[in-house]
Amino acid sequence: MSKFFSQKFKNISPYCAGEQPQDKKYIKLNTNESPFPPSPYAQRLARESAGDMLLYPDPEYSALVNIAAEKFGVKTSEILFTNGSDEALDYAFTAFCDDSAPAVFPDITYGFYPVFARINRVPFKEIPLKDDFTIDINDYLNAGGTVFIANPNAPTGIALKLSEIEKIIANNPKNIVVIDEAYVDFGAESCVQLIQKYNNLIVTQTFSKSRSLAGARLGMAFACEDIINDLKTVKFSRNPYNVSRMTAAAGIGALCDEEYFLGNCEKIVKTRGEFTEKLAKIGFSVLPSKANFVFAKHNVIDGKTMYTELKNRGVLVRFFEKPRINGYVRITIGSDEQMEKAFKVISEIVKGIK
Ligand code: PMP
């Protein structure tokens, strides 16, 4: 740290993103990207927009917003596009958390939430998950702060039902509830339509997972018009041109190519089921996942050893050095070919130790 770094940030530890190795070729199952390339149409539109890069983009992203409104069945005034959904979440911490509305989220969830709280200098409260790693929705009724719930949750992959999410929203009339649907397309129920019914709901989604655009950085927030305008106040005060022209073009292509998107989600769900069954047969307990990853614990080998042994053999997964979950590794669901190779390596590790 330099001597000039503001004292107000001296205790910040930044979010620890998954490794993006540039040295060696791994089977990369550590950051929940899609194994499939972006839709050919998305690629074409991005390429065609390259020549327009001399100009700033439309800060309202009207073309993209119009298509998203049609696809999701909401009004154009109810959508905001952001530089990845991380940016939408960050804006929500800025706009809707303070001493009178601390952030409230599970103790085991997306690791960026406490970092967003700290960088925005807002208090936060972490509520323990139950022993089976599910969320007790009673903990979130009249939560006394701005609620952040990832549905499905990360890194567990466990999803709440739409009726449970609605109960949380309905029982926090004085506070905002943010539902982070980064992984919703892999089998959970989206609550986007509830923005028409509740004026305290924000739903965030991303193009990084199911739409194969992690490298383009595109996310979105859905909420009633007043809330979107608050988020826009933050955006236009920080970074009006937050989405690049090429990314916005790719986003249009990805939204239009529904068949490709649905087909890829279906493949991931199928592979997830098969991979889970195979892991169970060699001594893993696997949490019931509705995401494009599984959170799995071997009955003999601890999480850190599994992570290290896999990395040494060219397979990257994610390990969290945190009580309660340090027995687990999070494994992204890749293509069938990747998962077959990964399973072979996992089996070898399991056999070698026994
Ligand atoms: N929410 C959750 C739960 C995530 O795991 C991620 C991915 N790291 C995000 C949001 C953010 O994704 P992105 O910024 O790529 O849209």
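Start at 1 with the first residue, then count along the sequence. Atoms within a ligand are numbered from 1 in the order they appear, just like the ligands themselves.
At least one N or O atom of Asp86 sits closer than 3.5 Å to an N or O atom of ligand 1. Residue Ser208 places at least one N or O, backbone or side chain, under 3.5 Å from an N or O of ligand 1. Distances between N or O atoms of Tyr110 and those of ligand 1 include at least one value under 3.5 Å.
Under 4.0 angstrom from ligand 1, the non-hydrogen atoms of Ser85 come from both its backbone and its side chain. The side chain of Tyr183, and not its backbone, has at least one atom closer than 4.0 Å to an atom of ligand 1 (non-hydrogen atoms only; side chain from C-beta on). Contact annotation: for Asp180 versus ligand 1, heavy atoms closer than 4.0 Å belong to the side chain alone.
Applying the 4.0 Å criterion to heavy atoms of Gly84 picks out, from ligand 1, the atoms 14 (O), 16 (O). Less than 4.0 angstrom separates some heavy atom of Ala182 from each of these atoms of ligand 1: 1 (N), 2 (C), 10 (C). Below 4.0 Å from some heavy atom of Arg217 lie the following atoms of ligand 1, by number and element: 13 (P), 14 (O), 15 (O). Listed by number with element, the atoms of ligand 1 under 4.0 Å from a non-hydrogen atom of Thr206 are 13 (P), 15 (O), 16 (O).
In terms of protein heavy atoms, atom 7 (C) of ligand 1 is closest to Lys209 NZ, 3.3 Å.
Taking the six-membered ring wherever Trp is involved, the centroid distance between the rings of Phe133 and Tyr328 falls below 6.0 Å. A ring-centre distance under 6.0 Å is not found for Tyr260 and Phe36. You'll find the ring centres of Phe72 and Phe222 inside the 6.0 Å limit. Taking the six-membered ring wherever Trp is involved, the centroid distance between the rings of Tyr183 and Phe186 does not fall below 6.0 Å.
Residue contacts with ligand 1: Phe207 is excluded, as none of its non-hydrogen atoms falls under 4.0 Å.
Within the 3.5 Å criterion, the main-chain N or O of Asn172 finds a donor-acceptor partner in the side chain of Asn200.
Looking at Asp90 and Asn120, their side chains do bring a donor and an acceptor atom within 3.5 Å of each other. At a cut-off of 3.5 Å, with distance as the only test, no side-chain donor of Asn242 or Thr82 sits close to an acceptor on the other residue. Residues Asp86 and Tyr15 bring no donor and acceptor atom of their side chains to less than 3.5 Å of each other.
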